[in-house]
Amino acid sequence: QVHLVESGGGSVQAGGPLRLSCDASGSIFSINAMGWHRQAPGKQRELVATITSGGSTNYADSVKGRFTISRDNFKNTVYLQMNSLKPEDTAVYYCNAVGFYCSRVFGCATRGAALDAWGQGTLVTVSS
């Protein structure tokens, strides 16, 4: 099993910053990409930002220039630095990791099944 645990959510006033963290642990052979998605009340979950193991990033247009995603490959941790927050950024933020499990038979020296794991989510509330 693989567990993703988010932290750093909370309440902030518009214009303020907030930093989210997500730690992945468990039977991980490799993580190719990590990312953040969010779901606002009454809306569908949407992509916020992703980052590959090589450092390539992708952002939703709505957060470009305000949010920065980064990762520590050694720790299997991804961060989301959010600046100039707006009330419309209010949502539950979910961490996602895509890669491979360790082999069930041969352990972490061998690649196993594909991995697509999600965290439980952390609430970010931005007040005007």
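Everything numeric in this text was worked out from a predicted model, so none of it was measured.
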Exercise. Mind checking side chain to side chain donor-acceptor pair (under 3.5 Å) for R66 and listing every partner two or more places apart, or none if nothing turns up?
Key: D89
Quiz item: When rounded to the nearest 0.5 angstrom, what is the spacing between CZ in R71 and OG in S53?
Solution: 5.5 Å
Practice problem: Report the residues that fulfil salt bridge (Lys or Arg N to Asp or Glu O under 4.0 Å) with D116, sequence neighbours left out, ordered by chain and then residue number. | Solution: none
Exercise. To the nearest 0.5 Å, tell me how far T68 OG1 sits from N83 CG.
Key: 6.5 Å
Exercise. Report yes or no: does E6 contribute a side-chain atom to a donor-acceptor pair with the main-chain N or O of Q120 at less than 3.5 Å?
Key: yes
Quiz item: Step by step, would you call D23 with T77 a side-chain hydrogen bond (donor to acceptor under 3.5 Å, both in side chains)?
Solution: CA-CA 5 Å; D23 296 308; T77 299; 2.6 Å; yes
Quiz prompt | Closest contact, heavy atoms only, K43 versus Q39 | solution = O-NE2, 3.1 Å
Self-check item: Heavy-atom pair of closest approach, residues A60 and L47
Solution: CB-O, 3.4 Å
Quiz item: Other than Y59, what residues sit in its cluster of Ile, Leu, Val, Met, Phe, Trp and Tyr side chains whose heavy atoms are under 4.5 Å apart, directly or through others?
Solution: V2, L4, V12, L18, L20, I28, I31, M34, W36, V48, I51, V63, F67, I69, V78, L80, M82, L85, Y93, Y101, L115, V124, V126
Practice problem: Under the salt bridge (Lys or Arg N to Asp or Glu O under 4.0 Å) rule, collect the residues that match up with E88, sequence neighbours excluded. | Solution: none
Self-check item: Spacing of S70 atom OG and Q81 atom CD [to the nearest 0.5 Å]
Solution: 8.5 Å
Quiz item: What distance separates F29 CZ from C102 SG, expressed to the nearest 0.5 Å?
Solution: 7.5 Å
Exercise. Give the minimum heavy-atom separation between S21 and Y79, together with the two atoms involved.
Key: OG-CD2, 3.3 Å
Quiz prompt | Residue pairs, two or more places apart or on separate chains, that pass disulfide bond (SG atoms under 2.5 Å apart) and touch residues 5-60 | solution = C22-C95
Quiz item: Who passes salt bridge (Lys or Arg N to Asp or Glu O under 4.0 Å) against K64, sequence neighbours left out?
Solution: D61
